[in-house]
Amino acid sequence: MPLFSGRCYSTVKLIGKTAIITGCNTGIGKEAAKDFYKRGARVIMACRNLDKAEEAKNDIEEACKDFKDTGKLVVQQCDLSSLQSVRDFSQKVIENEPQINILVNNAGIMMCPKGTTEDGFEMQFGTNHLSHFLLTMLLLPRIINSQPARIVTVSSKAHIRYDMNFEDLNYTQRNYNAAEAYSQSKLANVLFSRELAAKLKEHNIQGVNTYSLHPGLIKTELGRHLDESLFRGARRVIGFILKPFMKTPELGAQTTIYCALDEKCADETGLYYSDCAVVQPDRKALNDEYAKKLWEKSIELVKLNFNPFTASVNTN
């Protein structure tokens with residue numbers, strides 16, 4: 001257990017609010033869903049595996065059965081390795097949810113073997129960044145109409161390790177490096193959150209704030225690909241070495257929860273957090289040209305064909 005781990009101490013209730021969390025059938029996403037549910041929110045659990053999501057839903061409801069004024073958990077399928085799945089999920093949300101007060105872009109994969117998404121993108125960049133970019137853009141008109149609202153994107157301190165290669169984001173021209181690809185996707189998360197805040201300001205949209213964060217080293221299933229991408233037994237060895245610094249999923253979810261609802265950061269936007277406090281990201285993440293270039297490239301890659309800042313509430 002780390003010597004210090006930030007905690008969200010807010011007592012804010014979320015009764016009447018709607019939150020969407022991707023990849024919340026396990027780990028910090030599940031803990032965030034549990035916290036929001038305790039506070040009375042309607043929580044849309046956007047997960048790839050519906051069976052595991054239903055199991056997580058039942059676990060949360062059982063754990064919270066003695067709490068009063070709990071919310072509602074709704075399981076819906078959203079496979080972030082497929083842009084069509086993201087579009088289908090978003091359409092269903094727009095049709096059925098009159099408001100979206102919190103969006104948590106939580107799902108992610110780490111250091112997986114070389115592979116591509118359904119749409120041909122490098123798996124980590126496509127899943128961790130592009131699908132969350134598209135999801136946010138498709139839901140943004142409804143989020144804007146639900147002010148005050150917050151968009152929280154889970155990044156990682158790993159964003160500091162490597163640079164963005166805009167000429168070969170999908171590793172079609174260079175040798176694949178799992179750690180580099182993961183770092184690139186996490187840098188994209190921070191750049192996206194900052195540029196989204198800038199775009200909202202450009203369009204004079206107030207009441208929608210964005211946050212990116214490092215949750216810490218956490219004992220979750222995120223490292224399940226280490227044996228394949230590094231060496232056999234890597235997950236066990238690395239886990240042993242890092243054990244004194246690792247957080248439980250409950251502690252790891254605290255910065256996500258803080259950014260999503262705490263009053264102390266209600267007027268902050270576009271910043272990067274760790275242990276429930278603003279910290280400085282790597283200088284690459286503060287590069288405005290990088291942020292703008294990634295934004296334009298992302299629009300091109302996901303084929304976004306409408307302006308989410310001025311559109312009426314639809315996903316066409």
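N189 is listed as a side-chain neighbour of H129, based on a closest heavy-atom distance under 4.5 Å. The shortest side-chain heavy-atom distance between L138 and F306 falls under the 4.5 Å cut-off. At least one side-chain heavy atom of R150 sits under 4.5 Å from a side-chain heavy atom of C265. With a 4.5 Å cut-off on side-chain heavy atoms, L187 and D282 do not count as touching.
Between E296 and K292 there is no salt bridge, since no side-chain N of the basic residue sits under 4.0 Å from a carboxylate O of the acidic one. A salt bridge is defined here as a Lys NZ or Arg NE, NH1 or NH2 lying under 4.0 Å from an Asp or Glu carboxylate O, and R7 with E250 meets this definition. Ion pairing of K65 with E62 is present here, as a side-chain N (NZ or NE/NH1/NH2) and a carboxylate O approach within less than 4.0 Å. A salt bridge is absent between E31 and K247; no separation between the charged side-chain nitrogens and carboxylate oxygens falls under 4.0 Å. In summary, R194 and D288 engage in a salt bridge, as defined by a charged side-chain N under 4.0 Å from a carboxylate O.
H203 and T310 are not linked by any side-chain donor-acceptor pair at a separation below 3.5 angstrom, with hydrogens and angles left out of the test. A side-chain donor from one of D88 and Q84 sits under 3.5 Å from a side-chain acceptor of the other. At a cut-off of 3.5 Å, with distance as the only test, a side-chain donor of T172 or D168 sits close to an acceptor on the other residue. Using a 3.5 Å distance cut-off with no hydrogens or angles, the side chains of D79 and S85 do not pair a donor with an acceptor. Side chain to side chain, Q99 and S146 fail the donor-acceptor criterion of an N or O pair below 3.5 Å. T256 and N106 share no donor-acceptor pair across their side chains, judged by distance under 3.5 Å alone. Side-chain contact, K284 with N287: no donor N or O sits under 3.5 Å from an acceptor N or O.
For the atom pair CG (N209) and OG1 (T269), the distance works out to 4.5 Å, reported to the nearest 0.5 Å. With values rounded to the nearest 0.5 angstrom, M110 atom CE is found 12.0 Å from S183 atom OG. Taking CD1 of I60 as the start and OH of Y37 as the end, the distance is 8.5 Å to the nearest 0.5 Å. Distance check: R87 CZ to S131 OG gives 10.0 Å after rounding to the nearest 0.5 Å. Going from atom OH of Y176 over to atom CE of M123 covers 9.0 Å, rounded to the nearest 0.5 Å. Taking CD1 from I44 and CD1 from I102, the interatomic distance works out to 12.0 Å, rounded to the nearest 0.5 Å.
In the hydrophobic cluster analysis, where Ile, Leu, Val, Met, Phe, Trp and Tyr join through side-chain heavy atoms closer than 4.5 angstrom, I15 is grouped apart from V12. Both L50 and I21 belong to a single network of hydrophobic side chains, linked directly or stepwise wherever heavy atoms of I, L, V, M, F, W or Y lie under 4.5 Å apart. Transitive grouping of hydrophobic side chains (ILVMFWY, heavy atoms separated by less than 4.5 Å) brings L261 and L213 into a common cluster.
Considering all non-hydrogen atoms of both residues, L73 and A33 come closest at CD2-O, 4.3 Å. Taking each heavy atom of H132 and L80 in turn, the nearest pair found is NE2-CD1, 3.4 Å. In terms of heavy atoms, N105 sits closest to F192 at ND2-CE2, 4.3 Å. Here the shortest heavy-atom pairing between T22 and A107 reads OG1-N, 2.9 Å. Here the closest heavy-atom approach between residue C276 and residue C8 is recorded as SG-N, 3.8 Å. G252 and I28 get closest at one heavy-atom pair: C-CG2, 3.6 Å.
A donor-acceptor contact shorter than 3.5 Å is absent between the side chain of N101 and the backbone of K17. Counting only distance, with no hydrogens or angles, the side chain of D69 and the backbone of G40 share no donor-acceptor pair below 3.5 Å. Looking only at distances, a side-chain donor or acceptor of R142 sits under 3.5 Å from a matching main-chain atom of E97.
Within 6.0 Å of atom CD in Q206, 12 or fewer heavy atoms from other residues, nucleotides or ligands are found, so the atom counts as exposed in its surroundings. Residue K52 places its NZ atom among 12 or fewer non-hydrogen atoms of other residues, nucleotides or ligands, all under 6.0 Å distant. Within 6.0 Å of the CD atom in Q147, the count of heavy atoms belonging to other residues, nucleotides or ligands exceeds 12. More than 12 heavy-atom neighbours from other residues, nucleotides or ligands sit within 6.0 angstrom of CG on N96.
Within the 6.0 Å centre-distance limit, the rings of F166 and Y290 are counted as a close aromatic pair.
Seen from the ring of Y171, R174 counts as a face-on cation partner, given the 6.0 Å and 45° thresholds.
Using a 30° and 60° split on the angle between ring planes, H159 and Y272 fall in the perpendicular class, above 60°.
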Task: Q184 and E180: CA distance, side-chain angles, deciding distance, side chain to side chain donor-acceptor pair (under 3.5 Å) verdict - done: CA-CA 6 Å; Q184 178 177 257; E180 180 184 46; over 6 Å; no
